[in-house]
Amino acid sequence: MRECRKCKSSEYTNKNLIMLINECGHPLCKNCVDNLFARNAAPCEVCGKMLKKNNFWEQVFDDPVIEKENFIRKRIRKIYNLREADFPNLREFNDYLERVETIVMNLIHEEDVDGTEKEIKAFQEAHGEDIERNRKKLGPDELWIQQQIREESAMKARLHDLRSTDEFKVHQDNQNIKEAKEVIKELRDSNVAAGLILDRERKRQIEQELEEREEVERRKKMKKDRKRLDGISFAAHRIAGRAYIHKPVLLELNGPPMPTMEEIESSGYLQWVREPSAHRRAGGFTSAIACYRALLEVRLDLFAVQQKKSIAIDG
Amino acid sequence: MFPTSTQKTEWTFDNTDALTAKRNEASENYKNVYREVINPGEDERFLSPQDESTMRAIVQEAALKFGDDFQPHLFPSVRYTAFCYFKRFFLKHTVMEYSPKMVMMACYYLATKIDEFYVPIHEFVANLKSGNTETNTSHILKLEPEILKVMDYSLIVYTPYRTIEGIFVEMKQRMALLNFDIESLRPTLIEFITKSLLSDVMLIFSPNYIALAALKYGLDAQDRAVELVNEFLRRMLGVDESQMSEKDNTLVKNIDAQLDQIIAMVEESARPVDADMRKSCMERCTNVSILLSVLEERRRLLPSNKNGANKFDSDED
């Protein structure tokens with residue numbers, strides 16, 4: 001659970017708790033940030049680094065280290081934006097990527113921060129032109145992503161158009177024809193003045209339009225509500241299908257009659273069977289069960305095999 | 001329970017002829033693979049059904065001893081299960097295709113798992129005397145899924161050991177007036193079951209028949225009246241000898257005939273393979289493995305055959 005370490009308020013005590021985080025990776029709740037950073041800049045409560053109020057952002061990930069890493073990566077990415085084409089061979093490009101990872105890790109775990117910052121500065125000066133050029137144009141990855149997004153939204157729009165025009169048009173056409181017919185019929189049959197009827201119809205149309213607009217709004221809201229509730233279900237899952245009917249499995253003995261469990265226990269069979277140890281008996285394993293199994297295995301199918309084999313012998 | 005098991009529905013056959021037919025079919029199938037590359041006259045060098053059976057007998061003899069010496073000491077049912085797997089496997093494949101010795105080891109390994117006597121593979125291979133640890137391990141682990149597949153995953157094997165317990169309990173309960181100690185029969189009965197592993201009875205008869213045959217054999221071996229078996233059956237049926245119906249009478253007689261058949265089969269296969277046969281069989285095996293490597297090479301060179309899926313060759317130790 002998230003908790004502000006300054007004021008100790010948590011998601012439990014404050015339902016609307018918003019945690020903010022800054023580049024040093026120490027989260028604070030929104031109230032504390034407002035109080036502490038009333039003058040816009042103040043040292044971090046934990047590490048003493050000078051922070052600006054504007055630089056706080058909302059914490060999305062529970063682990064502050066990840067927030068910090070994201071921040072650092074965003075920053076480093078702006079400077080280390082060279083592409084594979086900027087290097088003579090793949091090997092050097094990979095070395096460069098490795099170096100970037102090292103720099104990011106150094107900054108996250110605060111190892112040799114000064115040295116790393118110096119390196120970044122040196123790199124920025126050395127490759128100023130390349131960085132500037134790469135910043136302006138999009139890399140192949142970005143282009144690909146953009147294209148995907150474009151295609152997806154285009155597809156969605158097409159589908160939506162298709163569906164709404166189809167359904168709506170048919171419905172609307174029918175409705176219009178029907179209404180027009182009714183009006184004409186009324187004009188022809190009734191004694192009321194034609195102007196009055198037309199006025200009434202117009203009024204009705206306007207009302208209908210308003211209603212329709214409201215309906216759309218309502219539907220939108222319903223959809224939103226449903227989306228929110230979709231993830232939760234407190235009811236037991238229902239699986240449709242035929243109800244299960246239990247049929248007891250019958251085991252055909254096909255051998256001499258078997259004594260029942262009671263007979264085994266009462267007529268002295270058990271004296272010939274070893275007593276199970278205490279912990280086996282605790283597991284529900286009695287000597288009667290063992291005895292029953294052994295006796296059953298003598299009998300099972302004693303007749304069946306004989307039937308089959310006698311045929312084989314005769315043949 | 002046995003009547004509903006795959007052991008009965010899939011792996012119990014009518015008679016020895018059915019087994020021979022299946023084995024010959026497997027052998028022919030295997031030879032057919034090399035049909036297009038073999039030179040005339042060379043197919044004489046393949047193992048004959050007789051050789052194959054000798055080969056299996058040699059491996060089974062060794063495996064019996066392997067089971068005795070195994071550390072930790074195995075349940076008898078594990079060995080029984082392993083032999084059952086082995087026999088099933090070589091109903092569908094021939095000893096030329098897979099090394100019977102390795103298959104036997106893999107069967108043992110699988111049986112320890114199925115019979116709840118799991119021995120980790122490194123402990124298991126420590127019991128093997130030949131070969132090195134790595135190759136043995138890899139061979140066994142590679143064969144294990146193949147055996148499962150060949151058996152169509154029919155894994156539960158009903159053994160006669162529990163039936164023997166049942167027979168003893170029943171005899172003590174119903175035949176109290178015997179003039180000897182029933183328990184004294186036990187070692188002989190177990191010995192008979194062990195011997196039966198070398199024969200094919202487990203592919204033809206149900207475990208309770210084998211156990212009854214063991215009883216009959218045990219009584220005979222200790223010079224007791226073998227009619228006790230019939231008496232035992234009658235007691236189980238709850239009828240008296242003097243007033244037996246015709247149906248019960250033929251039933252008991254038929255069962256008795258079956259038991260004799262089982263005993264005959266077991267004694268037939270229990271004879272050790274004599275030294276001459278062993279030697280000639282070994283020679284033919286070496287011969288076959290040379291032939292097979294030549295054939296495999298020729299097959300690989302065939303333009304039509306791109307997949308050199310090469311199962312490992314028969315070895316002959």
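What you see is a predicted model; the values in this text were computed from it and never measured.
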Interface residues of residues 61-77 of chain A facing chain B - heavy atom cut-off under 4.5 Å: none
Between B:M1, B:M236, B:K172, the one whose heavy-atom pairs under 4.5 Å with chain A are most numerous: B:K172
Residue pair A:T116 / A:E111: nearest heavy atoms and the distance that separates them: OG1-O, 3.9 Å
Proximal component of B:Y161, with respect to chain A [non-hydrogen, under 4.5 Å]: neither
Plane angle bin for A:Y244 and A:H246 - parallel if under 30°, tilted between 30 and 60°, otherwise perpendicular: tilted
N/O donor-acceptor pair under 3.5 Å between B:T81 side chain and B:T112 backbone: no
B:Y85 ring center near B:F89 ring center (under 6.0 Å): no
Segment of A:V298 engaging chain B (4.5 angstrom heavy-atom cut-off): both
Ring geometry between A:F123 and A:Y96 (parallel below 30°, tilted from 30 to 60°, perpendicular above 60°): parallel
Interface moiety of B:I164 toward chain A, non-hydrogen atoms closer than 4.5 Å: neither
NZ or CZ of B:R224 within 45° of B:F180 ring axis and under 6.0 Å: yes
Nearest heavy-atom neighbours spanning B:E191 and B:Y217: OE2-OH, 4.1 Å
A:L253 versus chain B, the contacting section by heavy-atom distance below 4.5 Å: neither
Pair B:N208-B:S206, side-chain hydrogen bond (donor to acceptor under 3.5 Å, both in side chains): steps then yes or no: CA-CA 6 Å; B:N208 52 359; B:S206 69; 2.5 Å; yes
